[in-house]
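Note sheet for the following structure.
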Amino acid sequence: MCEDAVHPAHKALNRRGLFVTGAAAALTLNSVSFASGAERRGPARKPGSKETRTVRGTLPVGSPDFVYLPVEVPDGVAELRVSYTYQKPPVPAGTQGNALDIGVFDERGTELGGKGFRGWSGGARTEFFLRADDATPGYLPGRIRAGTWNIALGPYTVAPEGLPYEVTITLTYGAPGTTPRPVYPPERAKGRGRAWYRGDCHLHSVYSDGRRTLAEIAALARAAGLDFINSSEHNTHSAHAHWAEHAGDDLLIMLGEEVTTRNGHVLSLGADPGTFIDWRYRARDNRFGRYARKIRDAGGLVVPAHPHATCVGCNWKFGFGEADVVEVWNGTYTPDDEVSLADWDSMLVASVRGGRPWLPAMGNSDAHRDPDRVGGPQTVVLADDLTREAIQEGLRRGRSYIAESSSVELTFSAAGGRGRHAGIGERLAVDRDTPVTVRLDVKGAPGRTVRIVTDQGVLHTSAALPESGTGTVEWRTTPSYAAYVRAEIRHTPTTPGLPGPLCAFTNPIFLGRH
């Protein structure tokens with residue numbers, strides 16, 4: 001093994017250039033070089049031989065979102081392996097400590113939205129490798145071609161004294177190997193025709209920062225009574241080619257990504273296999289619309305995730321003009337979900353008063369590891385069949401409700417005016433003063449309370465449902481009094497004066513003519 005001394009030029013964040021990649025600012029360090037032309041013809045090129053370089057430096061407070069470490073890769077490399085460490089000094093309460101993400105781009109470059117992306121693990125791993133025939137989860141297998149590769153460092157948060165890091169790159173020489181042809185899951189499962197299908201579209205595995213294998217997630221999805229799921233790893237599509245063996249007649253597996261920017265996360269839901277959506281931009285860069293269109297062009301839905309989450313970079317800052325659906329309920333119901341629900345309801349009010357299209361809601365588990373519960377919550381969609389296209393159409397049109405588990409079943413409708421009726425996500429087109437009866441049938445919600453919510457707020461609250469969990473709630477109104485109605489099923493309040501956590505809720509039914 002040939003190992004260079006640490007490059008002294010990197011000790012104090014030596015800059016080759018600070019530039020803008022079409023969006024977020026990025027810093028490029030001095031290049032790391034391996035064998036010279038003469039050395040390439042010597043013993044270092046023997047199959048199985050290795051060369052290693054180590055780089056150290058310190059990123060200061062205020063570092064750009066991405067720091068690129070160029071690596072000059074020679075011919076004849078069979079494997080690229082990278083490991084890294086960084087210091088995590090103690091910080092005062094309320095001060096952000098150090099967190100450093102990592103990924104890699106190949107010789108095709110780091111251009112925003114370009115073809116050079118080869119993998120990302122964020123802060124979930126301390127090392128990774130790539131070969132033609134295999135790669136660390138989160139990374140894409142393929143030949144290690146000669147040229148300038150870039151290790152991408154993402155200083156997520158930096159402590160006041162800076163972020164000292166060390167990156168070690170090892171090249172192994174030899175024959176390149178063969179890259180397997182990807183096989184993707186089918187876009188159709190054996191459905192029940194037009195029916196209600198249950199799904200969880202926000203899940204993480206070992207292919208990003210989750211701890212579960214794909215097989216474990218598929219098994220848990222089936223146990224939770226789900227009919228469909230969506231692959232949504234952080235900033236990588238590397239899992240797409242590994243889901244096929246876990247799909248079946250009973251489980252539709254759609255493919256996507258959780259695009260994890262510094263200004264919020266968005267799900268690419270049910271995009272074409274192999275679709276990669278870049279994440280290296282902020283709201284101020286005015287680039288989100290371009291990538292939202294790329295999701296749609298690939299057949300996917302644009303779904304802002306946990307818009308009011310409190311983690312660094314999780315709060316949604318891009319607005320909802322490009323969204324197809326919004327994830328209102330994320331995992332265990334918490335106060336930030338309550339804020340998301342209220343914000344979504346305000347958007348419904350604005351849409352009906354302004355005569356604008358409305359934005360449907362959904363819920364997902366965002367499960368990463370035990371004890372996170374796959375299918376908790378889940379979105380129940382009325383679809384013409386169990387196919388990617390039909391499920392997406394049901395979500396897009398808001399023909400859905402969200403439940404904490406498969407034990408909860410809802411039927412929600414509105415009727416009035418010569419036998420007319422409408423269901424979730426539909427419009428009951430009757431005159432302003434026509435009497436309307438709203439009916440909710442509930443199963444699997446023992447002791448829960450039903451609330452009927454309109455554009456004026458909560459206008460009806462039921463008594464607690466019986467211990468059987470089954471009950472019916474009816475309420476009468478007119479379109480002049482309620483422009484829309486939706487239902488919430490709530491647990492017993494844990495804090496006096498505040499509503500209890502959600503058990504389930506529906507998308508709205510709209511009342512009145514356009």
Side-chain angles (χ1 to χ4, degrees), residues 196-198 325-329 333 337-338 340-349 351-352 358-363 376-382 394-395 397-416 420-428 430 435-466 468-479 481-493 498-512:
W196 292 91
Y197 296 100
R198 295 176 177 267
V325 188
V326 59
E327 184 188 79
V328 167
W329 184 354
Y333 198 76
D337 295 306
E338 190 71 32
S340 294
L341 182 68
D343 191 32
W344 170 67
D345 190 75
S346 295
M347 287 190 285
L348 289 178
V349 174
S351 67
V352 297
W358 65 286
L359 183 63
M362 71 181 308
Q378 52 194 247
T379 300
V380 192
V381 184
L382 180 61
L395 291 170
R397 294 180 61 179
R399 299 183 307 204
S400 58
Y401 65 88
I402 296 83
E404 64 181 3
S405 73
S406 60
S407 65
V408 180
E409 297 182 26
L410 306 180
T411 302
F412 188 50
S413 62
R420 294 184 178 179
H421 66 277
I424 300 171
E426 297 178 340
R427 175 175 292 275
L428 183 65
V430 296
V436 173
T437 298
V438 178
R439 177 185 173 111
L440 177 70
D441 295 304
V442 184
K443 294 181 181 179
R448 312 295 187 254
T449 300
V450 173
R451 306 200 313 176
I452 303 297
V453 186
T454 77
D455 53 315
Q456 297 190 57
V458 179
L459 293 186
H460 177 74
T461 301
S462 75
L465 294 170
S468 67
T470 300
T472 297
V473 174
E474 288 191 347
W475 181 66
R476 291 173 176 80
T477 188
T478 62
Y481 191 59
Y484 66 81
V485 290
R486 61 180 185 83
E488 297 177 354
I489 296 85
R490 297 268 184 169
H491 288 267
T492 302
L498 295 177
L502 275 179
C503 168
F505 76 97
T506 73
N507 273 298
I509 301 172
F510 295 92
L511 306 180

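- Side chains of Tyr401 and Thr379 form no contact here, defined as non-hydrogen atoms less than 4.5 Å apart.
- In this structure, Trp358 has its ring center no closer than 6.0 Å to that of Tyr484.
- Counting heavy atoms from C-beta outward, Thr449 and Thr461 have side chains that approach closer than 4.5 Å.
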Working note: Arg420 + Val430, criterion side chain to side chain contact (heavy atoms under 4.5 Å, CB included); need CA distance, chi angles, decisive distance, verdict. CA-CA 8 Å; Arg420 294 184 178 179; Val430 296; 4.1 Å; yes
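- Contact annotation: the side chain of Arg451 approaches that of Val458 to within less than 4.5 Å [non-hydrogen atoms, C-beta and beyond].
- When side chains are defined from C-beta on, Leu341 counts as touching Glu488, because their heavy atoms get closer than 4.5 Å.
- Of the possible donor and acceptor atoms, none in the side chain of Arg399 sits under 3.5 Å from a partner among the backbone N and O of Glu426.
- Annotation for Gly444 and Val408: closest pair O-CG2, 3.5 Å, computed over non-hydrogen atoms.
- Of all heavy-atom pairs spanning Ile509 and Ala422, the tightest one is CD1-O, 3.8 Å.
- For the residue pair Ala361 and Ile402, the shortest heavy atom distance occurs at O-CD1, 3.8 Å.
- Ile452 places none of its side-chain heavy atoms less than 4.5 Å from the side chain of Leu459.
- Summarising the geometry of Pro493 relative to Leu498, their closest heavy-atom pair is CB-O, 3.2 Å, with the distance given to 0.1 Å.
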Under the salt bridge (charged side-chain N to carboxylate O under 4.0 Å, His left out) criterion, do Arg490 and Glu338 qualify, and how do the steps go? CA-CA 12 Å; Arg490 297 268 184 169; Glu338 190 71 32; 2.9 Å; yes
Just do the side chain to side chain contact (heavy atoms under 4.5 Å, CB included) check on Ile489 and Leu410 with the steps written out, would you? CA-CA 10 Å; Ile489 296 85; Leu410 306 180; 3.8 Å; yes
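- Pairing each heavy atom of Asn507 with each of Ser400, the nearest pair is ND2-OG, 2.9 Å.
- Side-chain contact, His491 with Arg448: a donor N or O sits under 3.5 Å from an acceptor N or O.
- For the pair Val328/Asp337, no side-chain contact is recorded, criterion being any heavy-atom separation below 4.5 Å from C-beta on.
- Here the straight-line distance linking atom CH2 of Trp344 with atom CE of Met362 works out to 12.5 Å at 0.5 Å rounding.
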Are Leu465 and Val442 close enough, and set up right, to give a side chain to side chain contact (heavy atoms under 4.5 Å, CB included), and what steps lead you there? CA-CA 9 Å; Leu465 294 170; Val442 184; 3.9 Å; yes
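- Looking at every heavy atom in both residues, Gly363 comes nearest to Pro377 through C-CG, 3.9 Å.
- Atoms CZ and CG, on Phe505 and Asp345 in that order, are 10.0 Å from each other to the nearest 0.5 Å.
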Evaluation steps, side chain to side chain contact (heavy atoms under 4.5 Å, CB included), between Lys443 and Thr411: CA-CA 9 Å; Lys443 294 181 181 179; Thr411 302; over 6 Å; no
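- By the side chain to side chain contact (heavy atoms under 4.5 Å, CB included) test, Thr472 pairs with Arg439, Asp441, Glu474, sequence neighbours left out.
- Remark: Glu404 does not engage Arg198 in a salt bridge, criterion side-chain N to carboxylate O under 4.0 Å.
- Contact check for Trp196 versus Val381: no side-chain heavy atoms found under the 4.5 Å cut-off.
- Residues Val473 and Trp475 are not in side-chain contact: their nearest non-hydrogen atoms beyond the backbone lie 4.5 Å or more apart.
- Screening Leu440, Leu348, Thr454 for a side chain to side chain contact (heavy atoms under 4.5 Å, CB included) involving Arg486 leaves a single residue, Leu348.
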